[in-house]
Amino acid sequence: MESPFFTSLKCRECGKLYPKKATHICEDDFGPLECAYDYSAISRSISREAILSRPKSMWRYRELLPIDGDPTVGVQNGFTPLVKANRLAKALGVDELYIKNDTVNYPTLSFKDRVVSVALSRAVEMGFDTVACASTGNLANSVAAHAAAAGLKSYVFIPADLESGKVLNSLIYGTNLIGITGAYDQVNRLCSEIAGKYGWAFVNVNIRPYYAEGSKSIGFEIAEQLGWKFPAHTVVPMASGSLLTKVHKAYQEFIKVGLVPESRFSIHGAQAAGCSPISRAYKENANLIHFVKEPKTIAKSLAIGTPADGYYALGSMRETGGASEDVTDPEIVEAIKLLAETEGIFTETAGGVTLGCAKKLIESGKIPRNEPVVLVITGNGLKTQEAVMDHIGKPSVIKPSLREFESLLAARTDA
Amino acid sequence: MADFKGRYWLVFDQQKAREPILCSLARNFLQVTFNLRHASVSDGMGVIALELEGDRSDVKKAVAWLESNGIQVDPVELQTIEG
């Protein structure tokens, strides 16, 4: 049965409408397609009470997600904790701070489980039996895991020189993992060609409009968990820029369908200095993105040199009065440690970027210290242990002797 | 045999915008058809959306030729590889 709420795909450039098929680019101007909804119908159907009565997953906002029937893949994903981070707030010198903690998102410990859940549920609806993606980490893990759980065939393309730990986290699910040798540009073009040639659901290519919509659930959850209101400031990491635009869209949709009253909110972007094409364009007050040929940062999950949604992310930040920042590798490591030591949350490098940039935005006054802030922390630190391994010291080793322990303790107390 | 269609963003600096790159492309690759969908030059850089159609190996050669002339060539999806 067709959804009465999710109506069509729409070109973000020219507004041309397309049927709800596996397509992602406007045939006229190559503009990206995104999902369009009948907000009047949704506002007549949705309510806070209805949402509260549903299971605590990202699918409790199903009217605003692009599938026709019931979700079939990743049904229990999302609804991660919104942690009131008092100790971190004190360290940063702000009154009210929250962590949207997707380090514990089910099942592969990153926000990608949200987008893959929507992409694969939609792929099943459209009759695909094979799904694919090209990824260096989180997306690969998530597609492999969800495809296994849904009984779908999967192909995951990775650069041939990817670290063994990241390979293992996808291989374990029995996916067809294919390493591609060669320069990055060539690998990228080949993946585009493969996506066009085979009749597969390539999650970040031909079913990208559906895939990207899954990110909105982070914004929906933040607003609900704050008591049906928006934080004055939301800081979001930027790779392609898609997540930031979707948090913006989520807040706008909650206003449109009457779940949250119209109110001011600013969305800020965070990038690593070694790959900051969107942040650079923001700071230069430019609209065109200068692509980064060779990203150099430990935040590999954000190292997208040619960000597909960069232009739109700039628009979201400017429209909401947000700002963009970037941080160096040492600043990323310091931020990862700060989050772990103050809140007990171990984030991957992207979370270090978000916190590091938030710190700069607070220090520069772009985020006032007396206004509520939410940091979107998108992935688990166990995935990027190599980034911090040399910066956290080593355990003290003693003989099994109380005297040795007490002298160690005394030395530490004196220090 | 014209059996392959590739859709690309061409990105170049302002200096390159003064050069007749597309004219040279047409003259050097008579067997490749191109269709211009979008073009702009601002903020010190130029962007062209171009569809290339022809034999796969000829299209690949045309892309390589563009790159050898200092043009960055990306698929319309830009980055297909994510973190």
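First the proteins, then the strands, lettered A, B, ... as listed; each starts at 1. All values derive from a computational prediction rather than experimental measurement.
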Novice: Checking A/Y211 now: which residues fulfil side-chain hydrogen bond (donor to acceptor under 3.5 Å, both in side chains) with it, not counting sequence neighbours?
Specialist: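 If we apply the side-chain hydrogen bond (donor to acceptor under 3.5 Å, both in side chains) test to A/Y211, skipping adjacent residues, the hits are A/K112, B/E82.
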
Novice: Of all of A/L139, A/D29, A/N138, A/I304, which one pairs up most often with chain B through heavy atoms under 4.5 Å apart?
Specialist: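 Most heavy-atom pairs under 4.5 Å with chain B: A/I304.
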
Novice: Against chain B, label A/K293 side chain, backbone, both or neither, depending on which of its atoms sit under 4.5 Å from a heavy atom there.
Specialist: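 Contact with chain B: side chain only.
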
Novice: With a 4.5 angstrom heavy-atom cut-off, is it the side chain or the backbone of A/I289 that approaches chain B, or both, or neither?
Specialist: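 Just the backbone, heavy atoms under 4.5 Å.
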
Novice: Side-chain donor-acceptor pair under 3.5 Å between B/T33 and B/E53, yes or no?
Specialist: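 The criterion, which ignores hydrogens and geometry beyond distance, is not satisfied for B/E53 and B/T33.
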
Novice: What part of A/P32 is in contact with chain B, defined as an atom under 4.5 angstrom from a non-hydrogen atom: side chain, backbone, both or neither?
Specialist: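 Contact with chain B involves no heavy atom of A/P32 at all.
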
Novice: Compute whether any side-chain donor of one residue and acceptor of the other, for A/N141 and A/T108, lie under 3.5 angstrom apart.
Specialist: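 Note: A/N141 and A/T108 side chains miss the donor-acceptor criterion.
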
Novice: Counting only non-hydrogen atoms closer than 4.5 Å, does A/H24 touch chain B with its backbone (N, CA, C, O), its side chain (CB onward), both, or neither?
Specialist: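 Contact with chain B is through the side chain of A/H24 alone.
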
Novice: For A/T297 and A/D329, which I'm curious about, is there any donor-acceptor pair between the side chains at under 3.5 Å?
Specialist: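 Distance-only check passes for A/T297 and A/D329.
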
Novice: Going by atom types alone, do A/E348 and A/S110 pair a side-chain donor with an acceptor below 3.5 Å?
Specialist: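 Judged by distance alone, the side chains do not pair up.
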
Novice: Of all of B/D13, B/V73, B/V11, which one pairs up most often with chain A through heavy atoms under 4.5 Å apart?
Specialist: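 Answer, by heavy-atom pair count under 4.5 Å with chain A: B/V73.
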
Novice: Who wins among A/I25, A/L302, A/T136, A/V187 for the most heavy-atom pairs under 4.5 Å with chain B?
Specialist: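 Heavy-atom pair counts peak at A/T136.
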
Novice: Is chain B contacted by the side chain of A/E27, its backbone, both, or neither, given a heavy-atom distance below 4.5 Å?
Specialist: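 Its backbone and side chain both get close to chain B.
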
Novice: In chain order, what residues pass the side-chain hydrogen bond (donor to acceptor under 3.5 Å, both in side chains) check against A/D28, with sequence neighbours excluded?
Specialist: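 Applying side-chain hydrogen bond (donor to acceptor under 3.5 Å, both in side chains) to A/D28 gives A/K16.
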
Novice: Which answer fits A/A239, side chain, backbone, both or neither, if we ask what part of it has an atom under 4.5 Å from a heavy atom of chain B?
Specialist: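 Looking at A/A239, nothing touches chain B.
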
Novice: Salt bridge or not between A/R280 and A/E284? Use side-chain N to carboxylate O under 4.0 Å.
Specialist: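 Here A/R280 pairs with A/E284 in a salt bridge, since their nearest N and O are under 4.0 Å apart.
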
Novice: For A/N188, is it the side chain, the backbone, both, or neither that has a heavy atom closer than 4.5 Å to a heavy atom of chain B?
Specialist: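 When you check distances to chain B, atoms from both the backbone and side chain of A/N188 fall under 4.5 Å.
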
Novice: Between B/H38, B/Q72, B/K5, which has the largest tally of heavy atom pairs under 4.5 Å with chain A?
Specialist: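 Option with the top pair count is B/Q72.
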
Novice: Taking side chain as everything from C-beta outward and backbone as N, CA, C, O, which of these in B/L50 sits under 4.5 Å from a heavy atom of chain A? Side chain, backbone, both or neither.
Specialist: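 Only the backbone of B/L50 comes within 4.5 Å of chain A.
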
Novice: A quick test of your reading: do over 12 heavy atoms of other residues, nucleotides or ligands sit less than 6.0 Å from NZ of A/K21?
Specialist: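 No - once you tally the heavy atoms of other residues, nucleotides and ligands closer than 6.0 Å, there are 12 at most.
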
Novice: Using 4.0 Å as the upper bound for N to carboxylate O, is an ion pair formed by A/K300 and A/E386?
Specialist: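 No.
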
Novice: If I measure from the heavy atoms of chain B, does A/E13 come under 4.5 Å with its side chain, its backbone, both, or neither?
Specialist: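 For A/E13, neither part sits under 4.5 Å from chain B.
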
Novice: Would you say CZ of B/F29 has more than 12 non-hydrogen atoms from neighbouring residues, nucleotides or ligands within 6.0 angstrom?
Specialist: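 Yes, because the 6.0 Å sphere around CZ of B/F29 holds more than 12 heavy atoms from other groups.
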
Novice: Please determine, among A/K166, A/H290, A/K197, A/R189, the option with the most heavy-atom pairs under 4.5 Å with chain B.
Specialist: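 When all of A/K166, A/H290, A/K197, A/R189 are compared, A/R189 has the most.
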
Novice: Can you tell which part of A/A299 gets under 4.5 Å to a heavy atom of chain B, answering side chain, backbone, both or neither?
Specialist: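 It is neither, since no heavy atom gets under 4.5 Å.
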
